[in-house]
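Beneath this line is the structure, given in structure tokens, with notes to follow.
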Amino acid sequence: MKEFLIGRLNLEALPHEWFTIGGTAAFFAMALLAVTVITRMKRWKWLWNEWFTSVDPKKIGIMYFLVSGFMLLRGGLDALMMWLQQSLSSGSSHGYLSANHYQQIFTAHGNIMVFFVAMGFVFGLINYIVPLQIGARDLASPFLNTLGFWLFVAGVIMINTFFVFGGQYAATGWLAVAPLSGTQFSPGVGVDYWIWSLQISGIGTTLGAINFIMTILKMRAPGMSLRKMPLFTWGSLCSMVMAVTVFPLLTMTLFLMFFDRYFGAHFFTTTLGGNAMMYTNLIWMWGHPEVYILMLPSFGVFSEIVSTFSRKATASYWTNVGGMTGVSAFALSVWLHHFFTMGSSADVNAFFGLMTMIIAIPTSVLFFNWIATMYKGKIKFDTPMLWFLGFVALFAVGGMAGVMMAVPPIDFQLHNSLFLVAHFHTMVVGGVLFGIFAGLSYWFPKIAGFRLNERIGKYAFWCWTVGFIMAFTPLYILGFMGATRRLDHYDASTGFRPFFIMALLGGIVIMAGVLLQIVQIIASVMQRRRLADPTGDPWGGRTLEWAVPSTPPSYNFTIIPEVTSRDAFLEMKKQGLPTKKVFEDIHMPRNTSSGIYISGFAYLLGFGFVWHIVWLIILGVLGILTCLIKRTFNEDTEFTITAAEVEDMEEKRIKKAHASRAGKDLGTDEDMGLKEFIIIVIKWALDIVKNKRWKKW
């Protein structure tokens with residue numbers, strides 16, 4: 001009876017080590033604080049009705065940003081813990097982490113940063129910007145969109161549940177290499193948490209990708225052919241086509257591993273007919289395209305930014321589109337370069353080495369296009385443009401390192417070394433995160449209604465760039481010296497320690513950059529009236545998202561625009577924006593809580609499989625099916641905003657915008673600097689202490 005009720009769950013699964021106790025305490029403290037604040041402010045109903053159940057892609061995009069931002073802090077803390085261990089663990093000193101704990105952190109860091117930081121930020125940008133860029137009021141399937149987001153959230157919760165139940169995460173590397181991930185070598189529940197956090201969020205990613213493709217292909221504004229689509233939308237389309245191609249492969253690979261662990265199958269074992277190399281092929285057939293799934297939207301962001309801040313059209317539109325589609329095509333045929341050293345024939349290695357070099361051609365085409373766009377342009381070096389220039393510097397170094405490792409004999413020397421780790425991070429941080437930060441800086445006025453503080457934003461940019469160079473240049477050198485990845489201890493005679501200390505210092509500078517980004521947002525909120533975007537077009541934009549107010553109404557466009565050129569909004573400005581609008585009825589989707597319930601049951605299903613709780617598995621399956629059936633037969637999924645209501649909403653919005661701009665600002669006429677921000681915070685803290693304001697709480 002006990003096994004039926006709680007499966008393999010027992011008292012040993014409760015937190016009993018310092019890191020699980022600390023992690024559990026931190027999560028419960030944050031949850032308690034959030035519940036207290038929301039309850040005190042009486043915002044539960046508002047949150048549920050306006051945000052949690054919303055199908056507005058703009059609100060879903062913002063929720064993606066918030067969840068991914070939290071996970072960025074979580075994954076960044078893991079990185080600092082690893083660098084600190086490597087700095088301390090030399091010779092007779094073994095640092096502060098056990099070897100097993102270090103490997104768990106290593107695995108969690110990779111999963112978090114790829115699946116729950118980069119992917120979440122990318123989906124947030126696509127949710128918010130693509131419908132605006134193509135002149136759509138919503139996505140093709142609002143329900144799939146909210147379901148995809150809440151499955152992402154369920155995956156986030158699942159990957160952190162091991163702190164509370166289980167006490168350990170997978171210690172297998174971020175892709176859970178077989179046969180290490182089998183029950184023979186990993187008998188605990190860590191790998192099961194890994195499987196189900198990726199499985200749940202990955203299914204959400206697939207659903208979201210299908211939805212974005214349908215939206216881009218079927219819901220563009222009148223006159224917007226594929227030849228007139230904005231370049232960020234092109235990058236998003238290429239990315240989502242790749243996601244639909246390879247994420248089902250990840251889903252099936254995870255199921256096969258699940259069968260091995262749960263039912264005793266032998267797909268990837270070293271005995272009874274299993275083949276561990278089959279797992280390596282399958283996981284990297286997904287894994288390498290995944291890198292470009294993340295990069296292509298960033299390439300689109302950079303294309304938009306370079307054109308806007310150079311104040312001229314993209315040098316060659318079709319060259320840019322061709323570069324992105326070329327990257328998409330070649331990315332599907334390079335996966336085997338990840339295991340050149342594992343016994344493939346010379347012909348196979350030569351083919352994949354050649355394909356890896358060829359993929360540099362469409363990428364270089366994009367670079368030359370950006371340079372040609374900047375040539376003779378009136379370049380404005382605002383923060384979004386700085387993030388682009390930082391990307392160029394880092395990505396060029398990472399690209400050259402990638403071409404080196406595309407040569408099998410060189411890869412035989414560098415494989416599994418820290419040189420590879422440095423290359424990967426140079427590409428992903430420089431190519432993906434810098435693109436995300438550039439996009440958030442660029443579109444923040446559209447999202448929030450006011451620009452970000454430029455001074456503090458530039459401080460953050462330089463901390464990220466300098467910190468990254470400090471952190472990862474030593475890893476390139478360590479790779480040549482023979483330091484392997486997943487290294488938690490080394491002999492003092494190797495001479496590795498000074499380089500690891502330098503990497504740790506670089507990581508601290510990066511974290512200072514993250515803190516400055518948080519400060520930048522707070523300072524911008526404090527100066528929001530002075531930084532307000534009254535025109536909806538703070539940068540002199542060229543594409544349709546700048547044609548709507550900042551922030552946009554729930555229906556995006558009062559009147560769906562007619563597109564006559566690639567730079568649709570620029571053309572509208574040249575011809576003169578209409579001064580009088582003809583209002584019409586607008587059909588909009590209703591909010592729904594189905595995505596939350598389905599994701600909740602999906603989480604219970606995954607938790608049941610982790611701990612072999614049969615009744616919970618059955619409950620999860622029945623709950624998902626019930627919610628899907630109920631949603632399918634629900635015909636009341638839309639409502640109509642009448643023309644009179646639209647006109648009234650527009651008038652109220654305009655009055656509110658005027659009133660907001662007329663108010664007094666907190667701060668100076670100039671962008672608030674870090675010194676001024678610190679002074680204001682200290683005064684605020686002293687005021688709380690002096691007047692005992694905490695008693696009110």
Side-chain angles (χ1 to χ4, degrees), residues 55 57 60 63-64 67-68 71 111-112 114-120 122-124 126-127 139-161 174-176 191-215 239-259 261-262 282-283 285-287 289-290 293-294 592-610 616-629 631-632:
V55 294
I60 291 174
M63 289 192 287
Y64 266 115
V67 175
S68 298
M71 293 303 283
N111 294 149
I112 287 168
V114 172
F115 287 94
F116 303 110
V117 176
M119 187 63 80
V122 164
F123 267 61
I126 295 175
N127 259 288
L139 295 179
S141 174
F143 168 66
L144 278 186
N145 195 32
T146 185
L147 176 59
F149 168 72
W150 287 108
L151 287 172
F152 171 79
V153 172
V156 167
I157 297 172
M158 180 65 72
I159 200 174
N160 290 299
T161 300
W174 76 283
L175 288 181
V191 175
D192 300 302
Y193 275 123
W194 178 87
I195 289 173
W196 287 102
S197 62
L198 269 59
Q199 190 70 286
I200 293 169
S201 64
I203 292 172
T205 298
T206 305
L207 296 175
I210 294 170
N211 198 16
F212 289 134
I213 293 171
M214 291 191 298
T215 302
S239 172
M240 295 301 101
V241 169
M242 290 180 67
V244 169
T245 304
V246 301
F247 263 87
L249 185 62
L250 173 68
T251 299
M252 293 313 302
T253 304
L254 292 175
F255 270 128
L256 293 178
M257 179 181 286
F258 162 70
F259 293 153
R261 293 183 58 84
Y262 199 87
L282 290 173
I283 200 69
M285 286 171 71
W286 160 83
E290 164 67 2
I293 289 170
L294 298 173
T592 177
S593 57
S594 298
I596 299 175
Y597 295 133
I598 292 172
S599 300
F601 283 118
Y603 173 83
L604 294 178
L605 174 68
F607 189 83
F609 275 124
V610 168
L616 197 59
I617 296 170
I618 296 171
L619 175 64
V621 172
L622 292 177
I624 291 170
L625 291 176
T626 302
C627 291
L628 286 173
I629 292 169
R631 172 67 190 185
T632 301

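We use all heavy atoms of the structure for the numbers below, so side chains are in, but hydrogens, waters and symmetry mates are not. Just so we're clear, the structure is a prediction, and the values are computed from it rather than from any experiment.
Residue V122 comes nearest to L294 through the heavy atom pair CG2-O, 3.9 Å, listed as atom of the first residue, atom of the second, then distance. Here the shortest heavy-atom pairing between T592 and V55 reads CG2-CG1, 3.7 Å. The shortest non-hydrogen separation linking F143 to S594 is CE1-CB, 3.6 Å.
Interatomic distance, L175 CG to N111 CG, rounded to the nearest 0.5 Å: 7.5 Å. Of the inter-residue distances, the one linking S599 atom OG with I200 atom CD1 reads 8.5 Å to the nearest 0.5 angstrom. Atom OG1 of residue T253 and atom CE of residue M257 lie 8.5 Å apart, to the nearest 0.5 angstrom. In this structure, SG in C627 is found 8.5 Å from CD1 in I624, a value given to the nearest 0.5 Å. Rounded to the nearest 0.5 Å, atoms CG (L604) and CG (L619) are 6.0 Å apart. With values rounded to the nearest 0.5 angstrom, Y193 atom OH is found 15.0 Å from L198 atom CG.
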May I have the step-by-step check of side-chain contact (heavy atoms from CB on, under 4.5 Å) for F116 and S201, ending in yes or no?
CA-CA 9 Å; F116 303 110; S201 64; 3.7 Å; yes

Residues V114, M119; criterion side-chain contact (heavy atoms from CB on, under 4.5 Å); working and verdict:
CA-CA 6 Å; V114 172; M119 187 63 80; over 6 Å; no

side-chain contact (heavy atoms from CB on, under 4.5 Å) for I126 and M240? Distances and angles first, verdict last.
CA-CA 10 Å; I126 295 175; M240 295 301 101; 3.9 Å; yes

Step-by-step side-chain contact (heavy atoms from CB on, under 4.5 Å) determination, F123 to T205
CA-CA 9 Å; F123 267 61; T205 298; 3.7 Å; yes

In residues 243-250, what donor-acceptor pairs under 3.5 Å come from side-chain atoms, sequence neighbours left out?
unit_1: T245; atom_1: OG1; unit_2: V241; atom_2: O; d: 2.7

Exercise answer: donor-acceptor pairs, residues 145-155 side-chain atoms, under 3.5 Å, sequence neighbours excluded:
unit_1: N145; atom_1: ND2; unit_2: N127; atom_2: OD1; d: 2.7
unit_1: W150; atom_1: NE1; unit_2: F52; atom_2: O; d: 3.2

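Looking only at distances, a side-chain donor or acceptor of S239 sits under 3.5 Å from a matching main-chain atom of I293. The closest donor-acceptor contact from the side chain of N211 to the backbone of S141 lies under 3.5 Å. Q199 contributes no side-chain N or O that, together with a main-chain N or O of L254, makes up a donor-acceptor pair within less than 3.5 Å.
With contacts defined as side-chain heavy-atom distances shorter than 4.5 Å, the pair Y603/T161 qualifies. Within the 4.5 Å cutoff, side-chain heavy atoms of I159 are placed close to those of M71.
Using modelled atom types and a 3.5 Å distance limit, the side chains of T626 and Y597 yield no donor-acceptor pair.
Taking the six-membered ring where tryptophan is involved, the planes of F255 and W196 are perpendicular, since the angle between them exceeds 60° and thus also 30°.
Considering only residues two or more places apart in sequence or on other chains, Y262 meets the ring-ring contact (aromatic ring centres under 6.0 Å, His included) condition with F258, F609, H612.
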